[in-house]
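The figures here come from the full heavy-atom set of this structure, side chains too, leaving out hydrogens, waters and symmetry mates.
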Amino acid sequence: ETIFNMALIHKDKGNLAEAVQQFEASKKIFQDLNAVPRIALSMLNIGIVLGTVGKSIEAEDLFTEALKILEGLGAIPDLCEGYLAFAIFQTRLGRSPEAKFYLSQAETLISCIDYQPLNIQFYNAEGELYQKEAQYSKAESSFEKALAMARRHSNLYEEAKSCANLGRLALERGDHREAMNKLKQGLGIFSRIGAMLDVVGVYHDLTSLFLRQDDYARAEEMANLELRQARMLGYPDLSIKALIELADCEAHKGNIQNAKEYYSFAIRLARDELDAVPSSTRNDLLCKLIDFLETADSDKKRHVISDDTHLKLQKGSFEELFEEFSRPLGRNKAR
């Protein structure tokens, strides 16, 4: 139990590699003791971490097996948390019908036990799904409910998550003032409680906000903070996102060579950490790089991208494309 709880702390702080190691260690002990509910919870949390770092196939297998065990046991609170975690996982993969199903399952169980912390998690998960479907008014309502309940129950983490969710929603809707307000609130709480992975996520959102406002100085500042912390946590996905943002800043300032250097480093990182980078990030990196190379005017020469390269991108042939683009574009500025 102590090892399992240590793993939860590592997960919340963003030390994901250490969290997986501790969850695996606790799972082995639980297996030796035949402590079936705890085995399932260990698997569930490993699935959450693997889903966070982009290992969707392994994560889904663990979610499915853990939920099957918990359903067989009728362990309602744990099963409800599992349904909510799996719903968020499905939402972020763009699988709305599956997400709705697991949210519905969770809602049914919550109504049976009326456990308020689960209600907070439910409304945040529901809000994410509504936002994914561009139902912004419903998303805002769900996030506001989660925020009010989190404050009422002094749940700082869920309060910060609700604020950050409202900030991201405002950013998507183009309300920059509200986005700044809510993201800063969320960032302050995440920083205070040491939820560093969430801190990095908000740095990413603030970078996006400043880029939309053409404030490249503050965007660069946030992206550098994002990159530094993502590296400390060993999280290549957000490192790559930060490098893309830094390249975007340099391109907008007309520093084409510097932008190439950031893209070059991002490509090599994506190639070296291929299994740890979600396909959405890989695709985003390649799309932005190709667009940059086709439009950037450096020394009056434009980079011509072949039809074969575009075809590989459409097919999702990421490994081939990373090898193709791994030749240095710059002078390795990003280190």
(request) Drop me the distance from E128's CD to E133's CD, to the nearest 0.5 angstrom. (result) 12.5 Å
(message) Please list all pairs meeting salt bridge (charged side-chain N to carboxylate O under 4.0 Å, His left out) that have one or both residues in residues 48-65, counting only residues at least two apart or in different chains.
(response) E60-R95
Listing, residues 284-291 side-chain donor-acceptor contacts under 3.5 Å, not counting sequence neighbours, or none:
none

(message) Using side-chain contact (heavy atoms from CB on, under 4.5 Å), reason through I110 and E107 one step at a time and then give a plain yes or no.
(response) CA-CA 5 Å; I110 291 171; E107 187 175 25; 5.6 Å; no
(message) For a side-chain hydrogen bond (donor to acceptor under 3.5 Å, both in side chains) check, start with the C-alpha distance between Q22 and E18, then their side-chain angles and the critical distance, and finish with the verdict.
(response) CA-CA 6 Å; Q22 298 283 5; E18 183 66 25; 3.0 Å; yes
(request) Measure the spacing between CG of N119 and CD of E158 and express it to the nearest 0.5 Å. (result) 11.5 Å
(message) I need the minimum non-hydrogen distance between L269 and P236, along with the two atoms involved.
(response) CD2-O, 4.1 Å
(message) For a 4.5 angstrom cut-off between non-hydrogen side-chain atoms, does L67 reach Y83?
(response) yes
(message) For E140, give me all partners under salt bridge (Lys or Arg N to Asp or Glu O under 4.0 Å), at least two apart in sequence or on another chain.
(response) R173
(request) Specify the closest pair of heavy atoms between A106 and L84, including all atoms of both residues, with the distance to one decimal. (result) CB-CD2, 3.7 Å
(message) Quick check for you: to the nearest 0.5 Å, what is the distance between I267 atom CD1 and L243 atom CG?
(response) 10.5 Å
Show the atom names and distances, to 0.1 Å, of all donor-acceptor pairs under 3.5 Å that link a side chain in residues 7-16 to residues at least two apart or in another chain.
| residue | atom | partner | partner atom | Å |
| --- | --- | --- | --- | --- |
| H10 | ND1 | N15 | ND2 | 3.4 |

(request) First locate atom CG of L246, then atom CG of N224, and finally report the distance between them rounded to the nearest 0.5 Å. (result) 5.0 Å
(request) Check side chain to side chain contact (heavy atoms under 4.5 Å, CB included) between E81 and all other residues, then give those that pass, not counting sequence neighbours. (result) L118, Q121
(request) Can you see which heavy atom on A179 is nearest to which on G167, and at what distance? (result) CB-O, 3.5 Å
(request) Please report the closest heavy-atom contact between E226 and E245, naming both atoms and the distance. (result) OE1-OE1, 2.7 Å
(request) Begin with the C-alpha distance, continue with both residues' side-chain angles, and end with the deciding distance and a verdict on side-chain hydrogen bond (donor to acceptor under 3.5 Å, both in side chains) for N124 and S162. (result) CA-CA 7 Å; N124 268 319; S162 303; 3.1 Å; yes
(request) Can you tell me which residue pairs pass the ring pair (Phe, Tyr, Trp, His ring centres under 6.0 Å) test with a partner in residues 152-195, sequence neighbours excluded? (result) Y157-F190
(message) Would a single hydrophobic cluster contain both L206 and L197, if residues Ile, Leu, Val, Met, Phe, Trp and Tyr are joined by side-chain heavy-atom contacts under 4.5 Å?
(response) yes
(message) If hydrophobic residues (ILVMFWY) are linked whenever their side-chain heavy atoms come closer than 4.5 Å, directly or via other members, who joins L33 in its cluster?
(response) I3, I29
(request) Write out all pairs satisfying salt bridge (charged side-chain N to carboxylate O under 4.0 Å, His left out) with one or both partners inside residues 28-48, taking only residues at least two apart or from two chains. (result) E1-R38, K28-D32
(message) Tell me whether L233 shares a hydrophobic cluster with V202, the cluster being built from Ile, Leu, Val, Met, Phe, Trp, Tyr side chains joined at under 4.5 Å.
(response) yes
(request) Kindly indicate whether the side chain of N34, heavy atoms from C-beta on, has any atom under 4.5 Å from the side chain of V36. (result) yes
(request) Applying side-chain contact (heavy atoms from CB on, under 4.5 Å), run through I244 and I240 and close with a yes or a no. (result) CA-CA 6 Å; I244 294 171; I240 290 168; 4.0 Å; yes
(message) What I'd like to find out is whether the side chain of N181 reaches to under 4.5 Å of the side chain of E178, using heavy atoms alone.
(response) yes
(request) Check step by step if salt bridge (charged side-chain N to carboxylate O under 4.0 Å, His left out) holds for K145 and E126. (result) CA-CA 11 Å; K145 288 176 184 176; E126 182 183 61; 5.5 Å; no
(request) Apply ring-ring contact (aromatic ring centres under 6.0 Å, His included) to F210 and list each qualifying residue two or more places apart in sequence or on a separate chain. (result) none
(request) Decide side-chain contact (heavy atoms from CB on, under 4.5 Å) for L109 and Q105; before the verdict, give the C-alpha distance in whole Å, the side-chain angles of both, and the deciding distance to 0.1 Å. (result) CA-CA 7 Å; L109 294 181; Q105 294 289 91; 5.9 Å; no
(request) Could you give me the CA-CA distance, side-chain angles and deciding distance for F63 and I48, then say whether side-chain contact (heavy atoms from CB on, under 4.5 Å) is met? (result) CA-CA 8 Å; F63 274 124; I48 292 171; 3.7 Å; yes
(message) Taking K260 first and then E250, would you say they form a salt bridge - that is, a charged N and a carboxylate O separated by under 4.0 Å?
(response) no
(message) Suppose clustering is done on Ile, Leu, Val, Met, Phe, Trp and Tyr with side-chain heavy atoms closer than 4.5 Å. Which residues sit in the same group as L169?
(response) Y136, F143, L147, L166
(request) Please name all residues satisfying side chain to side chain contact (heavy atoms under 4.5 Å, CB included) with S191, sequence neighbours left out, ordered by chain then number. (result) L187, V199
(request) Drop me the distance from R218's CZ to C249's SG, to the nearest 0.5 angstrom. (result) 12.5 Å
(request) Kindly give the heavy-atom pair with the smallest separation between F30 and S42, and that separation in Å. (result) CD1-OG, 3.6 Å
(request) State the CG-OG1 distance between D237 and T281, to the nearest 0.5 angstrom. (result) 3.5 Å
(request) Following the transitive rule for hydrophobic clusters with a side-chain heavy-atom cut-off under 4.5 Å over Ile, Leu, Val, Met, Phe, Trp and Tyr, establish whether L41 and M6 coincide in one cluster. (result) no
(request) Say whether F122 and F101 are linked into one hydrophobic cluster, either directly or through other cluster members, by side-chain heavy-atom distances under 4.5 angstrom. (result) yes
(message) Between R212 and L171, is there a side-chain heavy-atom distance shorter than 4.5 Å?
(response) yes
(message) Do E24 and K27 make a side-chain contact, defined as non-hydrogen atoms from C-beta onward lying under 4.5 Å apart?
(response) yes
(message) Taking the side chain as everything from C-beta on, heavy atoms only, tell me whether Q131 gets closer than 4.5 Å to N165.
(response) no
(message) Quick check: closest heavy atoms across D78 and L44, and the distance to 0.1 Å?
(response) O-CD2, 4.5 Å
(request) Answer whether the closest heavy-atom distance between the side chains of L183 and C163 falls below 4.5 Å. (result) no
(message) Could you check whether any side-chain N or O of T108 sits under 3.5 Å from a backbone N or O of S104, counting only pairs where one atom can act as donor and the other as acceptor?
(response) yes
(request) Any pair with a residue in residues 216-254 that passes ring pair (Phe, Tyr, Trp, His ring centres under 6.0 Å), sequence neighbours left out, goes on the list, sorted by first then second residue, please. (result) Y216-H252
(message) When you group the ILVMFWY residues by side-chain heavy-atom contacts below 4.5 Å and let the links chain together, are L238 and I88 in the same group?
(response) no
(message) Is the distance from the ring center of F89 to that of F86 below 6.0 Å?
(response) yes
(request) Check whether any side-chain heavy atom of L227 lies under 4.5 Å from a side-chain heavy atom of R231, and answer yes or no. (result) yes
